[in-house]
Amino acid sequence: MKKLVLAAALTAAASTAFAGSMADPVVEPVVIEEAAGSSGNDVWVPLLLLVIVAAAAAAA
């Protein structure tokens, strides 16, 4: 009786191991977010350009 139960358990385990299909697995892409920088650093470039244009206009 023990052998019959063991055979049934092994058969059930083996049948679930091969139950999958040959389709490719669906893998979701990894999303990487950049850390947001300080907005104060972005202000210097336009201000510097404005000063250069104002200096060029004043010199002309």
Side-chain angles (χ1 to χ4, degrees):
M1 185 70 181
K2 287 182 183 180
K3 289 183 181 181
L4 181 63
V5 173
L6 181 62
L10 290 176
T11 303
S15 64
T16 56
F18 295 108
S21 66
M22 296 300 291
D24 291 333
V26 177
V27 179
E28 295 183 13
V30 178
V31 177
I32 300 174
E33 296 182 15
E34 279 191 38
S38 174
S39 62
N41 293 336
D42 298 336
V43 175
W44 290 107
V45 175
L47 286 177
L48 183 61
L49 290 174
L50 182 63
V51 169
I52 291 171
V53 170

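FYI, the numbering just counts along the sequence from 1.
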Other ILVMFWY residues reachable from V53 by side-chain steps of under 4.5 Å:
none
Test question: given the 4.5 Å side-chain rule for I, L, V, M, F, W and Y, name all other residues clustered with I32, or answer none.
V30
Members sharing I52's hydrophobic cluster (side chains within less than 4.5 Å):
L48
